[in-house]
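All remarks here apply to the structure that follows.
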Amino acid sequence: MGIGVGIILAVVGAILLTNAIAIPSSWPVDNDALGLILLVAGIVALGLAVYLNRRRNDVRTTHVEERRYQDPR
């Protein structure tokens, strides 16, 4: 979920930042500020998701081989 959310936030932020979609000026929020916030949040979310997925896949297991010796006496 994290990688997808990061990409979506970054794309929506880039669209708002470049004014590719005309949003009415009656919005109480500045489009450029909202676009920059969403773009930064998307990049941070994407970076965290990649880092956490890499850490989760870096699991190391240790195999212990036990040899039992029975005395023939």
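Quick note: numbers below take in every heavy atom, side chains included, and nothing from hydrogens, waters or symmetry partners.
The two residues Gly6 and Ala45 come nearest to each other via the heavy atoms CA-CB, 3.9 Å. Closest non-hydrogen pair, Gly13 versus Leu38, comes out as CA-CB, 3.7 Å.
Hydrophobic cluster membership differs between Ile37 and Ile7, with clusters built from Ile, Leu, Val, Met, Phe, Trp and Tyr side chains linked at under 4.5 angstrom.
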Assess whether side chain to side chain contact (heavy atoms under 4.5 Å, CB included) is satisfied between Leu16 and Ile23, documenting all intermediate values.
CA-CA 9 Å; Leu16 287 175; Ile23 295 180; 2.9 Å; yes

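Other members of the hydrophobic cluster containing Leu17, listed by chain and number, are Leu36, Leu39, Val40, Ile43, Val44, Leu48; membership follows side-chain contacts under 4.5 Å among ILVMFWY residues, whether direct or relayed.
For Ile8, the side chain to side chain contact (heavy atoms under 4.5 Å, CB included) partners at least two apart in sequence or on another chain are Val12.
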